[in-house]
2 protein chains.
Amino acid sequence: MNNRRAPLQPKADKAAVRRHNLSLVLRAVHDEGVTTRAAVAGRSGLTRAAVSSLVEQLLASGFLSESGKSFSGQAGRPGTVLKVARTGCAGVGVEINVDYVTVCVVDLSGTDRVRLTEHLDNRGVPPADVLARAARITADALESATAQELRPAGAQLALPGLVSGGTVRQAPNLGWSRVAAEGIFAQALAGLRLRLAPEAAPPPLPVGSGNEADAAALAELWFGGPAGDGGRGPRSFLYLSGEIGIGGALVVDGELLRGAHGFAGEIGHVVVDEDGPLCRCGARGCLEQYAGQAALLRAAGLAADAGRPGVTELERRARDGDAPAVAALTGAGRTLGLVLSGAVNLFDPDAIVLGGTFRPLLQWLAPPIAERLERRVVSGLWSADSGRLRASSSAGDAARGSAALVVRDVLADPLAYAERAAR
Amino acid sequence: MNNRRAPLQPKADKAAVRRHNLSLVLRAVHDEGVTTRAAVAGRSGLTRAAVSSLVEQLLASGFLSESGKSFSGQAGRPGTVLKVARTGCAGVGVEINVDYVTVCVVDLSGTDRVRLTEHLDNRGVPPADVLARAARITADALESATAQELRPAGAQLALPGLVSGGTVRQAPNLGWSRVAAEGIFAQALAGLRLRLAPEAAPPPLPVGSGNEADAAALAELWFGGPAGDGGRGPRSFLYLSGEIGIGGALVVDGELLRGAHGFAGEIGHVVVDEDGPLCRCGARGCLEQYAGQAALLRAAGLAADAGRPGVTELERRARDGDAPAVAALTGAGRTLGLVLSGAVNLFDPDAIVLGGTFRPLLQWLAPPIAERLERRVVSGLWSADSGRLRASSSAGDAARGSAALVVRDVLADPLAYAERAAR
């Protein structure tokens with residue numbers, strides 16, 4: 001269908017080929033976890049000699065480490081084992097949500113190496129103050145990262161709203177509108193780091209930003225697969241993030257569907273009842289008003305603003321068979337099921353993944369959701385025993401997904417990072 | 001994000017390169033409409049000599065034609081003008097809908113060369129009989145195509161339902177379930193052609209199949225752009241096809257979003273009211289029950305099964321200011337607006353395109369739809385004057401889109417078609 005493919009290049013530029021192949025080899029080692037030069041050659045289609053030369057450069061730049069003898073029973077000179085380095089290049093993810101901030105630093109393998117969470121209410125606080133709080137927690141995390149010999153390549157913010165071009169266009173539950181989050185955060189972080197190390201101030205960290213549910217969905221894609229499955233779960237799924245609001249993300253064939261303006265996935269504002277309760281977005285009767293945290297707690301007879309402790313209490317009550325708690329969850333599940341059946345008819349994913357506070361509550365939410373999916377999805381692929389409705393893995397969240405995004409950029413062009421680091 | 005890119009091939013196979021470049025040159029001429037060897041070289045990045053050799057082969061195989069002198073004012077030897085051939089390779093599209101069948105034959109440029117429509121009620125008729133009817137109309141169209149020296153490369157069926165692997169999984173409004181449409185149609189067509197020309201029976205035509213709204217959306221993408229804009233409309237849009245049922249399709253960046261199983265876009269079965277009227281799909285309160293043709297006609301005081309003539313009558317009454325007609329359209333528009341605002345929040349397209357019977361009715365449907373989009377889409381990009389809600393072009397429909405799909409396959413590998421034709 002693509003009409004404008006470039007012709008095959010008879011000769012690609014030599015330096016560009018090496019740059020590309022450095023990434024190819026680094027990603028091969030990353031994806032395998034533990035491997036050998038021979039296996040990398042086999043997988044990449046490059047010659048053994050080319051792989052050896054590329055591996056030398058990646059070892060010298062600190063992207064790879066090698067150790068011991070390989071475990072392969074193959075004939076010939078035994079190879080050593082290659083892994084991505086546990087020190088050096090790292091990514092920082094910063095999730096700024098309505099009632100908490102989580103900062104996480106991952107190494108090149110995507111492993112969590114630092115994780116800090118602060119529960120605090122960000123509603124009614126000026127955006128610059130919220131971003132300054134997040135910068136403070138990030139500065140603390142960077143200190144721990146430095147102590148572990150990690151050198152972050154950048155930080156990626158995850159925010160509960162519509163984010164595009166470094167700016168939060170709308171984040172109804174934070175009450176933000178047109179906030180230049182990247183710039184404000186970067187400045188606050190640079191100021192803090194200068195104060196901490198006035199003589200040896202590190203270069204400013206590049207800052208990116210995106211939607212919280214998008215980042216959580218990527219974490220699910222990259223880290224959420226069943227153990228033993230090479231970390232691979234479904235490749236096309238609809239992700240729901242249950243927080244104060246309800247975020248959503250669509251993953252198609254292993255890629256995020258961002259929409260024409262980067263604003264896809266806003267399932268929390270799909271209408272349930274045009275004349276329903278007023279939502280923070282300005283419309284009436286959005287899904288959030290029926291299955292968001294406040295609605296859920298209120299329906300169960302708890303304080304609508306009880307937050308995470310309230311969710312824990314709701315879970316405890318439901319487990320004890322408390323009728324109002326069970327009824328609240330069943331009602332929310334019914335509404336979720338209606339909206340989700342529409343989304344499945346539209347988008348035909350392989351699975352629905354429920355994360356955030358929906359995860360601990362899934363055993364009560366799932367039956368009414370599954371009933372509606374079975375009854376309403378035209379394809380007939382969503383019977384209650386299809387296994388397509390699942391809880392998110394505990395292995396990933398928006399902060400880790402964001403941090404991993406930074407690392408993916410390095411994997412795609414390690415030389416660019418090495419050149420920046422050498423400056 | 002793509003982790004498994006192949007390494008750059010140091011040397012690509014020579015025959016494969018030529019095969020690829022034949023397509024590149026043919027597509028360049030196709031996309032430009034009228035062009036010269038020099039312009040093709042400029043656009044493709046190939047040398048003038050290579051383009052000349054490739055053009056000779058494409059002329060000899062009948063894919064291109066040349067004529068006259070070029071109109072460019074450039075210096076040097078004047079070139080002749082290249083176009084894709086008006087004879088030879090063609091594509092056949094066969095739309096089988098609930099109350100009509102349309103067959104269309106397009107040439108390599110995508111131009112309609114034959115078009116036959118029969119209005120007939122396919123409900124309650126056994127699927128094999130419906131497919132035999134469609135085959136008969138197709139055989140007639142093929143005769144006209146032959147008279148115009150067109151040689152179809154294949155036929156593509158467009159069906160109002162969930163189609164995958166040659167089979168209609170569900171087509172609620174036809175009452176079809178698990179019908180092997182491709183095979184049945186191909187056999188019926190081969191039988192007819194054998195009867196028409198028992199001595200010189202042509203080789204069987206390859207048959208493909210897909211969803212009707214998907215094909216109409218592709219026609220909109222390829223042929224629906226404003227005149228003078230090189231045929232280009234929006235590249236990311238949600239397409240609604242208003243027929244007896246309501247079909248839908250999602251186009252992202254110029255590509256159809258098919259879903260994990262090929263069943264995406266079923267907007268007609270998004271829920272409006274869980275306790276609403278029973279739908280042909282077996283669920284209650286689907287959008288079709290509020291904005292489908294039967295519901296619309298019934299609400300206006302017309303017979304629910306009045307079909308296309310009923311829609312024409314509805315349009316006439318609305319134009320005369322008939323209150324029940326206007327109220328019916330306003331009510332349907334309100335419901336469409338609610339479902340569409342949810343779809344836009346989920347999918348963030350650039351535009352919504354309304355086709356089929358929605359097209360003549362849009363002036364009454366649009367205001368209530370636009371009001372809901374403006375109020376309910378979180379991004380705020382859908383104000384009533386944004387121009388994002390539009391009628392489909394009259395230039396394309398599902399039959400033409402299907403026929404063009406066949407031609408696109410030939411454009412992608414003209415040699416394969418030439419090799420088949422030479423047998």
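Lettering of chains follows the sequences in order, A, B, ..., and the numbering in each one begins at 1.
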Using non-hydrogen atoms and a 4.5 Å limit, figure out which bit of A:V271 sits close to chain B: side chain, backbone, both or neither. both
Measure distances from A:L162 to the heavy atoms of chain B and classify the residue's part below 4.5 Å as side chain, backbone, both or neither.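 Only the side chain of A:L162 comes within 4.5 Å of chain B.
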Do B:L257 and A:L257 have side-chain heavy atoms sitting under 4.5 Å apart? yes
With the threshold set at 4.0 Å, does a side-chain nitrogen-carboxylate oxygen contact exist between A:R375 and B:E274? yes
Is there a donor-acceptor contact under 3.5 Å linking the side chains of B:H269 and A:N345? no
Do you know which of [options] has the most heavy-atom pairs with chain B at a distance under 4.5 angstrom?
| options | value |
| --- | --- |
| A:G342, A:C281, A:G265 | A:G265 |
| A:A283, A:A260, A:G262 | A:A260 |
| A:L256, A:L287, A:D348 | A:D348 |
| A:I267, A:D409, A:V270, A:V378 | A:V378 |

Check whether [X] gets within reach of chain A through its side chain, its backbone, both or neither, counting any heavy atom under 4.5 Å.
| X | result |
| --- | --- |
| B:L250 | side chain |
| B:C279 | neither |
| B:L338 | both |
| B:R376 | both |

Would you check, one step at a time, whether the test side chain to side chain contact (heavy atoms under 4.5 Å, CB included) holds for B:L381 with A:F263? CA-CA 10 Å; B:L381 293 170; A:F263 302 145; 3.9 Å; yes
Decide side chain to side chain contact (heavy atoms under 4.5 Å, CB included) for A:D350 and B:H261; before the verdict, give the C-alpha distance in whole Å, the side-chain angles of both, and the deciding distance to 0.1 Å. CA-CA 8 Å; A:D350 243 354; B:H261 318 91; 3.0 Å; yes
Test side chain to side chain contact (heavy atoms under 4.5 Å, CB included) applied to B:D253 and A:R258, step by step: CA-CA 11 Å; B:D253 246 353; A:R258 297 183 184 274; over 6 Å; no
